[in-house]
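Quick caveat, the model's predicted, so the values are computed rather than measured.
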Amino acid sequence: MVQEFGDVHRMFLQALLWKMYLPTQESQKIYNDLRSQQELEPEVLSMEVLSLLNAKLAPLDMSIKKAVEPATGNEFHVLTNLNGDEIAKLGTNLSAVEIQYFKKIMEMILESKHYELSSTDAINAASEVQKGLNKTAENIIDRLVQEGWLSVQRGRLSIGVRTRTELELHLTQNYAVVDCSVCNDIVLSRCESCPDTECTGIMHLWCKEKYFEQDGEVKCPVCQRTWQEDSSQKEELRRRKASNRI
């Protein structure tokens with residue numbers, strides 16, 4: 001049966017507009033809590049439901065996208081802005097200086113070997129953007145993490161799920177990023193490359209774990225050769241693939 005847009009859908013969109021991104025488990029709970037308030041049975045937040053919500057968001061140039069954080073495998077529903085300059089999407093909550101600082105952090109992460117940056121290095125870099133900015137840098141970083149632009153694990157910063165989703169075009173056009181051979185998403189977190197330097201195979205660590213578990217054999221998804229653990233050619237391969245793309 002084709003669903004019609006109702007109060008539950010409207011209230012769910014309001015909740016997502018307030019948060020902008022939610023873990024899928026949390027968005028599912030919110031959706032069913034709202035259904036319960038309307039004395040409706042629980043329902044899976046399916047692609048059909050998302051399509052209904054996106055049809056309502058289309059005139060606003062917005063869309064709900066499902067995104068995976070490759071470092072952890074955690075899934076999210078992300079409310080994305082489909083209109084305007086990629087970096088300008090940050091402008092609603094950040095000042096011009098804060099946007100420049102975020103771009104600096106993002107650059108440092110993307111140029112690092114494992115797509116990670118220590119919080120200390122990020123704070124120290126603030127003064128390169130504006131004198132004295134390091135005094136408020138920690139608060140800015142905390143806000144960027146809370147809003148999903150950055151992610152933090154064990155005191156190290158990486159690209160957040162909202163950056164991956166909303167700024168994908170900016171990332172692919174301006175940085176040497178490549179695609180995972182399993183999920184086809186851009187590689188912006190810890191990964192491993194095929195030990196054969198002639199092969200372009202590269203996988204997020206989470207994708208590698210799932211791929212080998214499902215396939216049953218430890219073989220490269222591209223060249224089918226045996227995949228040796230702890231490959232150290234990632235940086236060389238990433239740059240070679242990026243130069244080939246250009």
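- Among all heavy-atom pairs drawn from Ala137 and Tyr101, the shortest one is CB-OH, 3.4 Å.
- When atom types are taken as modelled, the side chain of His204 and the backbone of Glu209 share no donor-acceptor pair closer than 3.5 angstrom.
- Every pair passing salt bridge (charged side-chain N to carboxylate O under 4.0 Å, His left out) that includes a residue from residues 37-47 is listed here, sequence neighbours excluded: Arg35-Glu43.
- Applying the salt bridge (charged side-chain N to carboxylate O under 4.0 Å, His left out) rule to pairs touching residues 118-139 yields Lys104-Glu128, sequence neighbours excluded.
- Residues meeting the side-chain contact (heavy atoms from CB on, under 4.5 Å) test with Thr24, sequence neighbours left out: Ser27, Lys66, Glu75, His77.
- Taking Met11 as the reference, Asp7, Gln14, Leu34, Gln38 meet the side-chain contact (heavy atoms from CB on, under 4.5 Å) condition, with sequence neighbours excluded.
- Asn32 and Pro42 make their closest contact through OD1-CA, 3.3 Å (heavy atoms, listed as atom of the first residue, atom of the second, distance).
- Side-chain heavy atoms closer than 4.5 Å link hydrophobic residues (I, L, V, M, F, W, Y) into clusters, and following such links, possibly through other members, connects Val187 to Met108.
- Side chain of Arg164 to backbone of Ile186: a donor-acceptor contact under 3.5 angstrom is found.
- The shortest side-chain heavy-atom distance between Phe5 and Leu13 falls under the 4.5 Å cut-off.
- Proximity of Thr200 to Cys194: side-chain heavy atoms (C-beta onward) are nowhere separated by under 4.5 Å.
- Taking each heavy atom of Glu4 and His9 in turn, the nearest pair found is O-CE1, 3.4 Å.
- When the side chains of ILVMFWY residues are joined at heavy-atom separations under 4.5 Å, either directly or via intervening members, Ile159 and Leu79 end up in two distinct hydrophobic clusters.
- With hydrophobic clusters built from ILVMFWY side chains whose heavy atoms lie under 4.5 angstrom apart, Phe102 shares a cluster with Leu110.
- Here the straight-line distance linking atom CD of Glu192 with atom SG of Cys180 works out to 11.5 Å at 0.5 Å rounding.
- Under the 4.5 Å side-chain criterion, counting only non-hydrogen atoms from C-beta, Lys29 is in contact with Asp33.
- Side chains of Asn134 and Asn124 form no contact here, defined as non-hydrogen atoms less than 4.5 Å apart.
- Under the side chain to side chain donor-acceptor pair (under 3.5 Å) criterion, Glu147 pairs with Trp149, sequence neighbours left out.
- A continuous path of hydrophobic side-chain contacts links Leu40 to Ile30 [ILVMFWY only; heavy atoms under 4.5 Å].
- Within the model, atoms CG of Leu94 and CG of Leu144 stand 5.5 Å from one another, a figure rounded to the nearest 0.5 Å.
- Annotation for Glu107 and Tyr175: closest pair CG-CE2, 3.8 Å, computed over non-hydrogen atoms.
- Within the model, atoms NZ of Lys219 and OG1 of Thr226 stand 6.5 Å from one another, a figure rounded to the nearest 0.5 Å.
- Between the CZ atom of Arg162 and the CD atom of Glu69 there is a distance of 14.0 Å, given to the nearest 0.5 Å.
- Note that CG of Asn81 is 10.0 Å distant from CG of Leu167, once rounded to the nearest 0.5 Å.
- Met106 pairs with exactly one of Leu171, Asn174, Leu150 by the side-chain contact (heavy atoms from CB on, under 4.5 Å) rule, that one being Leu171.
- In this view, Lys65 and Ser63, Thr80, Leu82, Thr165 satisfy the side-chain contact (heavy atoms from CB on, under 4.5 Å) rule, not counting sequence neighbours.
- Other members of a hydrophobic cluster containing Val44 are absent, since no ILVMFWY side chain comes under 4.5 Å of it, directly or through relayed contacts.
- Between Arg154 and Glu116, some side-chain heavy-atom pair lies under the 4.5 Å cut-off.
- By the 4.5 Å side-chain criterion applied to Ile, Leu, Val, Met, Phe, Trp and Tyr, Phe76 is assigned to a cluster that also includes Tyr21, Val78, Val161.
- Residue Val68 is found outside any hydrophobic cluster, as its side-chain heavy atoms come under 4.5 Å of no other Ile, Leu, Val, Met, Phe, Trp or Tyr.
- If you take CG on Leu133 and OG on Ser127, they are separated by 8.5 Å, rounding to the nearest 0.5 Å.
- Here the shortest heavy-atom pairing between Tyr115 and Ser158 reads O-CB, 3.6 Å.
- With sequence neighbours excluded, the residues satisfying ring pair (Phe, Tyr, Trp, His ring centres under 6.0 Å) with Tyr31 are Phe12.
- Residue pairs meeting the ring pair (Phe, Tyr, Trp, His ring centres under 6.0 Å) criterion with at least one member in residues 122-146: none, sequence neighbours excluded.
- Met62 and Leu45 fall within a single hydrophobic cluster, where Ile, Leu, Val, Met, Phe, Trp and Tyr side chains are chained together by heavy-atom contacts under 4.5 Å.
- Of all the heavy atoms in Ser181 and Pro221, the pair that sits closest is CB-CG, 3.9 Å.
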Less than 3.5 Å apart, which donor and acceptor atoms pair up between the side chains of residues 49-59 and the rest of the protein, not counting sequence neighbours?
{"residue": "Ser51", "atom": "OG", "partner": "Met47", "partner atom": "O", "Å": "2.8"}
{"residue": "Asn54", "atom": "OD1", "partner": "Ile64", "partner atom": "N", "Å": "2.6"}
{"residue": "Asn54", "atom": "ND2", "partner": "Leu50", "partner atom": "O", "Å": "3.3"}
{"residue": "Asn54", "atom": "ND2", "partner": "Ile64", "partner atom": "O", "Å": "3.3"}

